[in-house]
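Notes to accompany the following structure.
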Amino acid sequence: MTSIAQTTLEFWTISLSPTFDAYINETIALYEAQHPDANVVWIDKTGEQIGFDLLNAVQSSNAPEVININVPMLLDYVEQGLMLPITGQFDERIYFERMLSSLQINKEIYGLPWYVAPPVVMKNREVFSRANLDPNTTTQTLEQLISSAKKIKETTGIYGYYPNILAQALLYRFLEAGLPVLSEDGFTAVFNSPEHQVFFGEQIELLQQDIFPSEALLTGYGGAIERYGSGNLAMLISGPQFLTRIKESAPQIYANTQVSPYPLGAGQVIHSPLMLLCIPAKSEYSKEALDFALFVTSHERQVAFSKLTAIFPSTARAATDPFFTTLPANPTPEDQARAVIAQELQYAKDLTMDLPNSSDLFQYFQKQIEAAFFGYKTPQEALDDAVRFWNAKL
Amino acid sequence: MKRAFYYKDGMKSSEAMDAQRKMYKKKMFLCRGVWHTPQTRARTNTIITPLIFFMIFFVNAQERLIDAYLPIISDTRIVPQPQEETALSEGYTLTESTVIYLLTDTPALRQAVETLQDDIQLRYGFRPPLEIGKTAQGIVIGQNSDKIASTLEPITQAEGYTLESSPTGITIIGSDERGAFYGVQSLRQMLGEEPTLRGVQVRDYPDHKLRIAMIYLDNQSEAVNDKLIPILAQHKINTVLVMSNYIQWDSAPALHVPQGATKEQARHLVDLARLNLIEPIPLLETLGHTEWLFANNQNRDLLQDPSVPKPWVYDPLNPRTYQVLFPIFDELFELFEPNYIHVGHDEVRNVHPFPSSPAGLQLGFGQLFLQDTQKLHSYLQTKNIRTMIWQDELLSAEVQPLFSQFPKDLIVTSWNYYPAADYKDLTTLQQGGFEVIGSSWKDSDNIRAYALDGKTKNAFGMLQTRWTGYFGNAEVIHGQYDQIYSYLVAANDFWNTEAEPLEDAAIRFRLLWLGLDDTRQRAGTPVDISAYGNVELNQGFIGLDNEYKLDGILEPQRFSGTMFIINKAVALQGTHRRAEAYPQVVDIALNASAGSLAFLHTTPWSTSAGTEIGAYLVHYDDGTTERIPLIYGTNISTWTDTNVSSINLLQGWSGETANGLPVAINAFFWTNPKPNSVIERLEFISNKGLASPVLLGLTVLE
């Protein structure tokens with residue numbers, strides 16, 4: 001009888017248990033079957049818990065091998081020197097380029113993209129019909145979307161547009177529109193150009209013209225989902241997970257929902273918060289850890305995961321799976337979203353920026369744009385003031 | 001005693017002192033005449049004590065100043081700024097024979113006069129006696145109904161008063177009890193260093209009828225509210241909105257949480273408020289924000305969807321909802337005896353979907369909101385109490401079309417926390433038939449603009465909100481201090497919408513809160529730290545371009561009452577690329593004894609409040625040390641933070657960079673536990689985080 005030396009790989013995830021116990025356990029079992037020397041220990045934690053526990057584990061030289069976090073957390077941990085760069089240690093072509101670039105910090109890659117949920121445009125067909133608009137052809141660009149929203153408001157009294165432009169969300173909108181936020185070296189804020197002012201000024205005009213409700217600025221984006229669910233918003237720009245919520249709370253609205261792609265701007269990117277797997281710098285078995293992370297993010301495992309919930313894979317091959325590309329005869333809004341998002345994945349990128357004092361910067365930025373929206377500053381003054389503050393900190 | 005030791009750059013202490021001396025001489029030449037008049041400057045040889053001898057000997061490069069520290073607020077300004085104030089050539093002099101005459105005796109006026117007596121005694125060492133019901137020469141306090149002779153035209157506006165200080169006496173005449181009370185508060189603020197008060201005629205009255213401050217009631221209420229209420233009253237706030245969700249209701253013992261206030265604590269608050277002529281309005285959050293109703297996992301049957309993880313909205317279609325709520329309202333009636341009750345109704349749909357039951361979905365949000373408001377309003381009306389609610393859901397697309405069905409005596413508090421020229425919601429609500437109260441928050445521009453717009457639109461009043469959490473009253477002056485001193489900003493603007501902005505509210509409130517006797521000037525010696533400096537202040541700050549220079553701080557050099565020599569700053573190492581090259585530790589020679597040390601310091605970047613970012617390590621000549629930790633948000637903060645987040649933070653200098661960025665540098669006073677020992681040197685230490693410390697000035701105070 002021979003014994004095999006066991007390599008224990010501790011794998012931490014965020015809030016996947018108990019909903020996905022079967023899937024994660026199956027993934028681990030498959031990996032262990034292929035790697036008899038590996039013993040994967042899975043520990044699921046809350047988002048609040050994971051950072052605290054990671055620090056403690058690193059300090060006590062008991063770091064996990066693979067950890068599931070999001071991009072803001074990654075930036076924080078890399079700054080603290082807690083994460084291992086893995087540049088050049090795997091085939092980067094497996095993953096969508098933009099998603100992988102979300103994990104590049106100071107020219108080093110610090111993780112493998114796992115799953116995303118890019119936004120789509122959900123449309124209330126009944127309201128579109130009342131406005132005499134075709135939901136299939138009227139929102140391919142942001143300009144078209146806004147033009148449709150104006151007509152909807154004019155003819156039905158219902159808001160068509162509810163932008164997500166609070167704090168850093170407006171910066172993402174800049175980037176999506178091809179307007180840079182920082183200089184190439186990242187040391188200078190540049191979001192006060194005439195082009196930025198025009199883009200921002202248009203949003204202010206839309207508020208002043210009552211094309212979107214002021215609650216978008218006062219209570220945030222949560223109000224959009226409520227409005228859409230109650231039939232008081234013609235278009236909801238949101239991740240596909242909210243379709244499930246609408247299906248449960250407003251079945252009639254769900255039945256009337258048509259899903260269209262998110263309007264792609266000149267930036268050729270769509271901000272999509274990304275979940276990733278990374279390896280702590282003090283991981284005992286970093287090589288084996290990377291191997292396991294590659295397995296978890298392989299296209300087979302990602303397709304299997306996507307079938308369980310409204311998430312989407314980070315590998316180009318997984319996105320070509322018939323599950324994403326072939327629609328059933330009578331597609332539900334969720335089916336439509338699946339096909340639409342599969343096409344968006346190549347543009348999906350987590351646009352979270354690596355900034356010193358980011359919360360101060362975003363808070364200040366938010367205050368300036370609110371001042372402009374409420375008429376206290378011009379768009380130029382607001383952006384100039386924010387840039388001046390940012391450049392004091394960058 | 002003078003020891004030679006080496007600095008990090010290899011310079012000996014004596015060499016450093018020589019360099020310091022050179023810099024100092026240069027500075028004094030430049031600054032002569034800017035610093036001091038001959039009357040306020042004293043050479044070290046004018047006062048000789050052994051302690052000072054040490055200072056002459058060791059801080060030999062510096063000049064001792066008799067007024068190194070002057071009281072921060074030594075004015076006799078009346079806050080809120082009166083509507084009309086006319087200076088007279090001479091004012092009244094308080095003497096030991098001064099008598100206070102109070103014409104109409106009420107508990108509130110009696111209490112106000114007692115505080116005036118206390119103030120006079122504290123400042124001048126004598127306590128004027130009080131006589132009730134008659135008048136003679138001295139300080140006369142009465143109301144229009146008392147028919148007191150006055151050179152001033154009587155004020156007719158409610159809560160108004162006239163005040164005259166002339167050589168023959170002081171006369172305060174209120175249009176009513178509150179007016180007289182406020183006149184006394186103004187007089188208290190006019191007490192200066194000398195017992196001769198300035199001559200003045202004041203005619204004063206409020207622009208807003210209701211001037212409300214939102215406060216919290218928890219198990220630490222007394223620690224904050226017992227101090228806060230008199231300060232609010234002193235600044236003519238006449239109403240408090242009291243967050244009351246977690247009072248330990250007799251009718252709902254299962255909802256008690258340990259942090260909640262007892263009914264005795266609530267009653268104490270109500271009594272204290274009324275003694276200060278402040279009317280308490282309870283705020284019981286209903287419909288939305290009702291976590292309190294589900295505390296301890298109770299009442300889940302009152303949810304439309306009992307599966308929601310965080311209960312937030314009760315079901316207005318469930319009759320049992322009101323069987324639970326109304327007895328609590330009954331207790332509120334008994335406890336507060338209020339004229340108004342605020343029933344919340346904001347952010348109803350922020351946490352979980354609502355409505356979510358089939359019946360709720362059929363009726364729709366608008367109807368549910370309306371029906372619940374009507375039900376609560378009817379119940380309050382039976383007790384002759386008016387109902388207040390927030391505006392946000394009332395203005396929603398589902399509710400606004402139902403305006404005509406809402407009770408018209410509803411008072412709507414309309415929150416908007418941004419500066420604006422026109423608060424349009426006020427107009428919309430007024431057009432809907434409601435009376436409105438503008439509700440501001442901590443941004444002073446917001447407070448000012450809203451108060452002015454509210455007056456223009458004839459609002460029912462103004463409310464200064466505070467959002468510091470249901471519990472943790474005792475901690476609010478740290479971390480969220482900007483929400484506390486904003487009360488004074490609001491008091492100033494709510495009373496007089498055209499008052500000068502109250503720029504020094506943070507320091508004013510601090511002195512009142514801490515009861516600091518800040519009337520005494522102190523001698524001391526500013527230290528020239530430029531020999532250790534590595535940051536030129538007439539160039540861009542910490543590696544920035546020259547648009548970010550802080551040359552505004554170079555003159556004048558008295559900050560937080562303290563004289564500093566400011567030339568070059570000492571920056572320490574941090575993780576940001578612009579701070580990596582600075583030293584982690586710098587030794588600063590002092591060789592002086594000190595009652596306290598005043599630091600003018602900052603950080604280029606912020607970090608989490610409570611983080612220790614570095615320290616001053618005080619080395620005494622007996623070989624012992626004292627460590628002064630630099631705690632972010634407590635005794636140091638970043639230069640771009642112009643809000644004062646902790647009562648411990650003193651804004652030393654505030655101004656702008658060359659390109660107009662508002663900035664502020666904190667002062668910090670450290671009391672030396674060993675004032676008779678010589679401090680040889682200070683080690684200025686960085687913990688090498690993002691928020692690396694920078695020292696701009698240091699002064700030894702005796």
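First the proteins, then the strands, lettered A, B, ... as listed; each starts at 1.
The environment of CD in Gln363(A) is sparse: at most 12 heavy-atom neighbours from other residues, nucleotides or ligands sit within 6.0 Å.
Here the CD-CG distance, from Gln367(B) to Leu370(B), works out to 5.5 Å after rounding to the nearest 0.5 Å.
Heavy atoms of Leu394(A) lying under 4.5 Å from chain B belong exclusively to its backbone. Using a 4.5 Å cut-off between heavy atoms, Ser356(B) does not touch chain A at all. Only the side chain of Tyr364(A) comes within less than 4.5 Å of a heavy atom in chain B; its backbone stays farther off. Proximity to chain B involves both the backbone and the side chain of Ala392(A), based on heavy atoms less than 4.5 angstrom apart. Both the backbone and the side chain of Pro419(B) have a heavy atom closer than 4.5 Å to some heavy atom of chain A. When heavy atoms are compared at a cutoff of 4.5 Å, Glu398(B) approaches chain A solely by way of its side chain, counted from C-beta outward. Both the backbone and the side chain of Asn357(A) have a heavy atom closer than 4.5 Å to some heavy atom of chain B. Heavy-atom distances place the side chain of Lys367(A), and not its backbone, under 4.5 Å from chain B. In this structure, chain A has a heavy atom under 4.5 Å from the side chain of Asp443(B), while its backbone stays farther away.
Note that Arg349(B) lies in the cation-pi zone of Phe365(B), set by a 6.0 Å cut-off to the ring centre and a 45° limit from the axis.
With hydrogens and angles disregarded, no donor-acceptor distance shorter than 3.5 Å links the side chain of Thr465(B) to the backbone of Ser439(B). Looking only at distances, no side-chain donor or acceptor of Tyr418(B) sits under 3.5 Å from a matching main-chain atom of Gly375(A). Asp551(B) places no side-chain N or O within 3.5 Å of a backbone atom of Leu537(B) that could act as its donor or acceptor partner.
Ring planes of Trp605(B) and His576(B): parallel class, angle under 30° (limits at 30 and 60°). Note on ring orientation: taking the six-membered ring where Trp is involved, the planes of Trp390(A) and Phe365(A) are perpendicular (angle over 60°, cut-offs 30° and 60°).
Of the listed residues (Thr575(B), Asp445(B), Leu361(B)), the greatest number of heavy-atom pairs within a distance under 4.5 Å of chain A belongs to Asp445(B). Per-residue heavy-atom pair counts under 4.5 Å with chain A were compared for Leu661(B), Asp545(B), Thr657(B), and the maximum is reached by Leu661(B).
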